[in-house]
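Working notes, structure below.
In each ligand, atom 1 is the first atom listed, and ligand 1 is the first ligand listed. Just so it is clear, the model here is predicted, and its values are computed rather than measured.
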Amino acid sequence: MPSTKTFFYAKNLNDVFYQLKNISELNIVGGCTSFVGKNLPDKALSIRDIADLKVIDKRERYIDLGAALSLSEIEDLGEANLPKIFYEAITTIANRNVRNIATVGGNICTKDFYNTLYAPLLALDARVEFMEEDDSHLQAIMRFDSIPHGMILSKVRLPLEEWEISVFRRLGPPNSINELSAGFAFLANSQKNQISDLRIAYAGSFKFRDIDLENKLIGAHLPLSNTAISNFMLEAEDFFNRAIKDKGVNDILKRQFWNLVKYSLEQLT
Ligand SMILES: Cc1cc2nc3c(=O)[nH]c(=O)nc-3n(C[C@H](O)[C@H](O)[C@H](O)COP(=O)(O)OP(=O)(O)OC[C@H]3O[C@@H](n4cnc5c(N)ncnc54)[C@H](O)[C@@H]3O)c2cc1C
């Protein structure tokens, strides 16, 4: 017998937390686009229209984006108001119709898969805010695995540093997500002809970012020599293989990682 699906309605955050407390196994959802072709949860409450979760707050060093903002609302802020790599990643997701419905919170919270925005968020050292009835806390996305019980994702905080080199690639089929989908992000800055900051992130059915690996190139002189690139590629291969061991990552995604790391490093020559 098909199971009954119930969609609950909330006008504000008080309603959301009241229902979370009183309805067992209630799932917080955004635009539900991640469920296309799959089963919707039996009990769902969409936070898409909660005004408090649609905040856009731009400061000197960061911008806060409410979890209920649609991807197209964020896209409409324009590249000048967002980290370039994040803006680029948003524009590669699905198409404008899906982006009108899909929320940034849903992109981050999808279970068992790190969606297109994940690698740029990892590379940017973004932070995510979790909220419960009378408390909230910000946490580095690097340390985020799943939403704490009884909480919702309320916003994401993006640092607004400038990056000299910014490379983003969305991998996989163009209009859907499958096991060959992944996002790659590379950021680099230099000072006095030496690499001063470097970030490499890769995410899909797995997530990868390793600060020890990145540190191996901090201080390297620019332009990078071919030998420096080859040596770093060996290190990157070793770090990545260890991180994804036993995770069944497809060989195509492994090869794409090497190619993209090499391509990105060549931007520093
Ligand atoms: C045709 C098509 C193409 C697509 N292409 C892409 C693509 O290229 N890249 C990509 O990344 N995705 C893609 N998607 C998947 C999806 O559209 C996006 O990931 C989207 O951002 C999900 O947002 P949503 O609001 O619809 O999330 P939902 O489907 O509503 O939710 C996703 C998950 O997050 C949880 N959740 C949502 N919001 C919150 C919150 N605030 N707090 C706690 N938990 C929450 C839900 O319980 C659920 O588990 C595609 C989908 C379709 C239909």
Inset, instruction - Check if Arg170 has a non-hydrogen atom at a distance under 4.0 Å from any atom of ligand 1. - result: yes

Inset, instruction - Record the part of Val36 in heavy-atom contact with ligand 1 below 4.0 Å; permitted values are side chain, backbone, both and neither. - result: side chain

Inset, instruction - Measure Val98 to ligand 1 on non-hydrogen atoms and call it side chain, backbone, both or neither using the 4.0 Å cut-off. - result: side chain

Legend entry - Ion pair check, Glu75 and Arg96, cut-off under 4.0 Å: yes

Inset, instruction - Return yes or no for this condition: an N or O of Leu153 is under 3.5 Å from an N or O of ligand 1. - result: yes

Inset, instruction - Kindly identify the option in Cys109, Pro174, Ala94 whose heavy atom sits closest to atom 4 (C) of ligand 1. - result: Ala94

Legend entry - N or O pair under 3.5 Å between Ile28 and ligand 1: yes

Inset, instruction - Give yes or no for whether the N/O distance cutoff of 3.5 Å, strictly under, is met between Ala67 and ligand 1. - result: no

Inset, instruction - Measure the distance from atom 32 (C) of ligand 1 to every protein heavy atom, then report the residue, atom name and distance (to 0.1 Å) of the closest one. - result: Ser34 OG, 3.2 Å

Legend entry - Distance, nearest 0.5 Å, that separates CD of Gln19 from CD1 of Ile28: 8.5 Å

Inset, instruction - Could you verify whether a donor N or O on one side chain and an acceptor N or O on the other, from Asn115 and Thr110, lie under 3.5 Å apart? - result: yes

Inset, instruction - Can you pull out the closest protein heavy atom to atom 49 (O) of ligand 1? Residue, atom name and distance to 0.1 Å, please. - result: Lys111 NZ, 3.4 Å

Legend entry - Option set Gly183, Gly204, Gly106, Ser154, criterion heavy-atom distance to atom 37 (C) of ligand 1, minimum: Gly106

Legend entry - atom 22 (C) of ligand 1: nearest protein contact (heavy atom, Å): Thr33 OG1, 3.4 Å

Inset, instruction - State whether the side chain of Ser46 and the backbone N or O of Gly30 hold a donor-acceptor pair below 3.5 Å, judged by distance alone. - result: yes

Inset, instruction - Could you tell me the residue and atom name of the protein heavy atom closest to atom 43 (C) of ligand 1, and the distance to it rounded to 0.1 Å? - result: Ile147 CD1, 3.3 Å

Legend entry - Phe208-Phe257 aromatic ring centre distance below 6.0 Å: yes

Legend entry - For atom 48 (C) of ligand 1, closest protein heavy-atom neighbour: Phe35 CZ, 3.7 Å

Legend entry - Expected output: side-chain Thr6 to main-chain Lys43 donor-acceptor under 3.5 Å: no

Inset, instruction - Please determine if Gly31 has a nitrogen or oxygen closer than 3.5 Å to a nitrogen or oxygen of ligand 1. - result: yes

Legend entry - Ring geometry between Phe184 and Tyr202 (parallel below 30°, tilted from 30 to 60°, perpendicular above 60°): perpendicular

Inset, instruction - Give a yes or no on whether the ring-centroid distance for Phe144 and Phe130 is below 6.0 angstrom. - result: yes

Inset, instruction - Measure the shortest side-chain to side-chain distance between Pro223 and Leu268 over non-hydrogen atoms and say whether it is less than 4.5 angstrom. - result: no

Inset, instruction - Using atom types as modelled and distance alone, determine if a side-chain donor or acceptor of Arg209 lies under 3.5 Å from a backbone N or O of Leu122. - result: yes

Inset, instruction - Taking only Lys NZ, Arg NE, NH1 and NH2, and the carboxylate oxygens of Asp or Glu, determine whether Glu88 and Arg170 approach each other closer than 4.0 Å. - result: no

Legend entry - Heavy-atom nearest option to atom 1 (C) of ligand 1, drawn from Ile50, Asn175, Ile177, Leu26: Asn175

Inset, instruction - Could you check atom 9 (N) of ligand 1 against the protein and tell me its nearest heavy-atom contact, residue, atom and distance included? - result: Thr116 OG1, 2.6 Å

Legend entry - Heteroatom proximity flag, Asn27 to ligand 1, N/O under 3.5 Å: no

